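Have a look at the structure below, then the notes.
None of the values given here were measured: they were computed from a predicted structure. All chains are named by letter (A, B, ...) in the order of the sequence lines, taking the proteins before the strands, and each is independently numbered beginning at 1.
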Protein chains: 2
Amino acid sequence: MTRAVRAVRKKELPEPGLDLGVLPTLLGYHVRRAQVAIWRDFVRSVARGRIRPGLFSVLVLAEANPGIAQFELARQLAIDKASVVALIDKLERARLITRRRSTVDRRRHGLFVSPYGTRQLKLLMRDIARHEQRFRDRLTAPELQQLIKLLKRLYD
Amino acid sequence: MTRAVRAVRKKELPEPGLDLGVLPTLLGYHVRRAQVAIWRDFVRSVARGRIRPGLFSVLVLAEANPGIAQFELARQLAIDKASVVALIDKLERARLITRRRSTVDRRRHGLFVSPYGTRQLKLLMRDIARHEQRFRDRLTAPELQQLIKLLKRLYD
DNA sequence: TATTGTTATACTCTATAACTATA
DNA sequence: TATAGTTATAGAGTATAACAATA
């Protein structure tokens, strides 16, 4: 490409400094970008990408609430109960969780983290801690508290 | 169900007050929940769900940067150039955007918002403003500025 | 009748690889 | 050789509808 053409292109086509228009004035834009940044770091650094944030949440909730029913998980994650089935299938195939039919209400399949799952969760938490730290390092302690407080305000 | 059974279930199965375990200590958890809340409100309230946040971003970027190339869009949105094609296809079918081959570099398809697209974007902005306002109402002006500043810190 | 879990199906958003046309 | 756009294909993640088992 000639020098003249390069000059023309500079005029005709927008280059490095892109105009973001109205986007930076929108709260949703910034929340989205922060979420994407954190999501990618999570996938890159936790369990070699084999456990995504969704599966991790399920594992934590099942560990904290032994015997939790799938529809309760669905409600907490704000997804349909049908969508939970695939998540649990995956965790069960990985031997991290077991379904046990409730003797009290036989429609329910209580979820229990296996001993192996508990051990794996402990290992996972080490990756998570490092992942978290990378973002906390960008904030002071009061800033972190303030940020969480304001985010809660958006979804509570 | 008998009264006795209800009592047993209360012991055996976790109910309303779910234990969230370690989740509330994680920054990513709160960012994710805020993002989901904003996303859902966007889909519910903007263009009757026919324009999602992704398409909206593309439209705004094309309007602010007439002739922008698809690979530049891809870089800005941090997605693959192949993924941009489907987005542009959709916007072109909706007559909001046109591809025009660059005369300078014939590999590039410059993107231009159509006059109709510009009008639609203006209408869209009214929905967006109301959507934004619903979340801004939960914060004071200084809190909003602080929140944006801290979110930027996470992805910059 | 209502609830819990499941299957079947489909849609959105994204990625990778291989291709074309241009540079 | 490298770049811009495209196609084909696949994999998450989600939804809806219909169903079986159970309450």
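Heavy-atom distances to DNA chain D give each of Leu55(A) and Lys81(A) a nearest nucleotide, and the one nearer the 5′ end belongs to Leu55(A). Each of Pro53(A) and Asp80(B) was assigned the nucleotide of DNA chain D with the nearest heavy atom; the assignment lying further toward the 5' end belongs to Asp80(B). Where Leu77(B) and Arg99(A) meet DNA chain C, the nucleotide closest to each residue was compared, and Arg99(A) sits on the side nearer the 5' end.
Side-chain atoms of Arg107(B) come within donor-acceptor range of the base of dT3(D), with a qualifying N/O pair under 3.5 Å.
Summarising the geometry, the separation between CD1 on Ile88(A) and P on dG5(C) is reported as 9 Å, rounded to the nearest angstrom. Taking atom CD1 of residue Ile97(B) and atom P of nucleotide dG5(D), one finds them 13 Å apart after rounding to whole Å. Rounded to whole Å, atom P of dA4(D) lies 13 Å from atom CD1 of Ile68(B). At whole-Å resolution of the value, CZ in Arg106(B) and P in dT20(C) are 18 Å apart. A straight line from CZ of Arg101(A) to C1' of dA20(D) spans 10 Å, rounded to a whole angstrom. Whole-Å rounding puts the Arg40(B) CZ to dA15(D) C1' distance at 10 Å. Per the geometry, CD belonging to Gln35(B) stands 13 Å off C1' belonging to dG13(D), to the nearest Å. Atom CD1 in Ile51(A) sits roughly 15 Å away from atom C1' in dG13(D) (whole-Å rounding).
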**OP:** Please report the C-alpha distance between Leu139(B) and Leu154(A) in whole Å, then the side-chain angles of each, then the deciding distance to 0.1 Å, and finally whether the side-chain contact (heavy atoms from CB on, under 4.5 Å) criterion is met.
**Re:** CA-CA 8 Å; Leu139(B) 309 168; Leu154(A) 296 181; 4.2 Å; yes

**OP:** Output, in order, the C-alpha distance, side-chain angles, deciding distance and verdict of side chain to side chain donor-acceptor pair (under 3.5 Å) for Ser45(B) and Arg134(B).
**Re:** CA-CA 11 Å; Ser45(B) 65; Arg134(B) 277 192 285 280; 2.9 Å; yes

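Nucleic acid contact for Arg32(B): sugar-phosphate only, since backbone atoms but no base atoms lie under 4.0 Å from a heavy atom of the residue. Ala82(A) comes within 4.0 angstrom of a base, heavy atoms only.
The side chain of Arg108(A) approaches dT4(C) more closely than any other nucleotide in the set dA15(C), dT6(D), dT4(C). The side chain of Trp39(A) sits closest to dG13(D) out of dG5(D), dA15(D), dG13(D).
Listed by chain and residue number, Phe112(A) satisfy the side-chain contact (heavy atoms from CB on, under 4.5 Å) test with Arg100(A) (two or more places apart in sequence, or in another chain).
Residues Glu72(A) and Arg75(A) have side chains in contact (heavy-atom distance under 4.5 Å, counting atoms from C-beta outward).
Contact annotation: Ser83(B) side-chain N/O to dC13(C) OP1/OP2 distance is not under 4.0 Å. The side chain of Arg52(B) places an N or O atom within less than 4.0 Å of a non-bridging phosphate oxygen (OP1 or OP2) of dC13(C). Checking the phosphate oxygens (OP1, OP2) of dA21(D), no side-chain nitrogen or oxygen of His109(A) falls inside 4.0 Å.
Salt-bridge annotation for Asp156(B) and Arg33(A): absent, with no side-chain N of the basic residue lying under 4.0 Å from a carboxylate O of the acidic one.
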